[in-house]
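Step one of this worksheet: look at the structure below.
All chains are named by letter (A, B, ...) in the order of the sequence lines, taking the proteins before the strands, and each is independently numbered beginning at 1.
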Amino acid sequence: MPSRAAAAARPSRFSDRTPVRIATWNINGVKARQESLTRWLEEAAPDIVCLQEIKSQDEQFPAEPIERLGYNVATHGQKGFNGVALLSKRPLEDVTIRLDGDEADEHARWIEATVSTETGAVRVVSLYLPNGNPIDTPKFPYKLSWMDRMLARAEALLATDEPIILAGDYNVIPEPIDARHPDRWVDDALFQPESRNRHRALVNLGYIDAQRAVSAADGIYTFWDYQAGAWQKNNGIRIDHVMLSPVAADRLVTVDVHKHTRGWEKPSDHVPVVVALDV
DNA sequence: ATGCCGTTTCGTAAACGA
């Protein structure tokens, strides 16, 4: 009676509701990836999607084909690069953009919204953390100050009762096991102690790395460079993360990396990460 | 290794990414 055994093994804290599935995906250009995005939305059917690097202004964002699949759309774009978006089958409420702490920062890297569920509501953030390379240029201190601003916002969000989901391209390799060849990243902004320490500070605030809550395995990657046959050699890194507040982590059911999309024609260099929450 | 590849832009070379 394997099915009965599986049902009995299900932790009792989970309900019989269908979990809410929340995804993050750096699509590296929403217009270039329009077909892939539609295909993936149809096959994966996530409830909420956090997109990064849409590389599109709000007016140019191809919302219609996405809305036709039943999604509401909120974007925070800019011309040429950066840009984040939220897609949700349920309405996106109280949408806010930008990260507090630097009025002069014009980069489109942060969008928040509340989505109501059967039992309450969740606050979801789609974030695109600065790359920071090369580290001997102003780009690296910009990354670090941006992370300090993120930590302040993350802490403020914990004061609410709602489960918080901070999902996106963090451009941080948290640990050596998150890279196929960690030695090759020692001079890179993604693997600097200052970057990793700030990511750990997010954990110390109480946020849980959803992937690490379900698996301690190495070899779990979300990005493979277009160059030098990185995908063919499985030379990957794990830099796309879903960070959950304690209340959200208590409801975590599964985490899946949709690695197969990296093998599609004209792929993004990142793949989606999908978490299921019983909320 | 100032390289590799891919997207975008007042474009056909340069900026940006990781």
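B:dT8 atom P lies 18 Å from atom NE2 of A:H107, rounded to whole Å. For the pair A:K266 NZ and B:dG6 C1', the computed distance is 9 Å after rounding to whole Å. The separation between A:D269 atom CG and B:dT7 atom P is 9 Å, rounded to whole Å. If you take CD1 of A:I54 and P of B:dC16, they are 18 Å apart, rounded to a whole angstrom. Rounding to whole angstrom units, CD1 of residue A:I27 and P of B:dG17 are separated by 16 Å. Counting to the nearest Å, the C1' atom of B:dC16 and the CG atom of A:D169 are 13 Å from each other. Summarising the geometry, the separation between CH2 on A:W231 and P on B:dA18 is reported as 18 Å, rounded to the nearest angstrom. One interatomic measurement links the two molecules: CD of A:E53 to P of B:dT7, which rounds to 11 Å at whole-angstrom precision.
Proximity of A:H270 to the phosphate of B:dG17: no side-chain N or O atom is located under 4.0 Å from OP1 or OP2. Taking only side-chain nitrogens and oxygens, A:N28 never comes nearer than 4.0 Å to OP1 or OP2 of B:dG6. The shortest distance between the side-chain N/O atoms of A:Y128 and the OP1/OP2 oxygens of B:dA18 is below 4.0 Å.
Comparing B:dA14 with B:dC4, their P atoms are spaced 13 Å from each other, to the whole Å. For the P atom pair drawn from B:dA1 and B:dC10, the interatomic distance equals 35 Å after rounding to whole Å. Between B:dG11 and B:dA15, the two P atoms lie 14 Å apart (nearest whole Å). As rounded to the nearest Å, B:dA13 and B:dT2 have C1' atoms that lie 16 Å from one another.
A:W25 pairs in a ring-ring contact (aromatic ring centres under 6.0 Å, His included) with only one of the listed residues (A:Y128, A:W40, A:F223), which is A:W40.
The nucleotide whose nearest atom lies closest to any side-chain atom of A:N82 is, among B:dA18, B:dG17, B:dT7, B:dG17. Listed candidates were B:dG6, B:dA18, B:dG17. Nearest to the side chain of A:N26 is B:dA18. Comparing B:dT9, B:dT7, B:dC4 against the side chain of A:A32 picks out B:dT7 as the nearest. Closest to the A:K139 side chain, of the nucleotides B:dG17, B:dA18, B:dT7, is B:dG17. The side chain of A:D225 has B:dA18 as its nearest neighbour among B:dA18, B:dC4, B:dC10. Listed nucleotides B:dC5, B:dA18, B:dT9 differ in distance to A:K79; the shortest reach to its side chain belongs to B:dT9. The A:R33 side chain lies nearest to B:dT7 when the options are B:dA18, B:dC4, B:dT7. Checking B:dT7, B:dC4, B:dA18 against the side-chain heavy atoms of A:A228 singles out B:dC4 as nearest.
In summary, A:E112 and A:R153 engage in a salt bridge, as defined by a charged side-chain N under 4.0 Å from a carboxylate O. Taking a cutoff of 4.0 Å between a charged side-chain nitrogen and a carboxylate oxygen, A:R196 and A:D178 do not qualify as a salt bridge.
Here the closest non-hydrogen pair linking A:Y221 and A:I177 is CE2-O, 4.3 Å.
Summarising the base pairing, B:dA18 is matched to no nucleotide, lacking a Watson-Crick or G-U wobble pair whose two defining distances lie under 3.5 Å. The partner of B:dG11 is absent, by the rule that a Watson-Crick or G-U pair needs both atom distances under 3.5 Å.
Of the possible polar contacts, one joining the A:S268 side chain to the A:N26 backbone as a donor-acceptor pair under 3.5 Å is found.
Both A:G229 and A:Q78 lie near DNA chain B, and the one whose nearest nucleotide falls closer to the 5' end is A:G229.
Across all strands, A:Y170 comes closer than 4.0 Å to no nucleic acid atom at all (heavy-atom distances). In this structure, A:R109 reaches the sugar-phosphate backbone alone: every heavy-atom distance under 4.0 Å involves primed, P, OP1 or OP2 atoms, never a base.
Remark: the A:N131 side chain and the B:dA18 base include a donor-acceptor N/O pair separated by less than 3.5 Å.
Dense packing is recorded around CG of A:N197, with more than 12 heavy atoms of other residues, nucleotides or ligands lying under 6.0 Å away.
Using cut-offs of 30° and 60° for the angle between ring planes, the A:H258 and A:H260 rings count as tilted.
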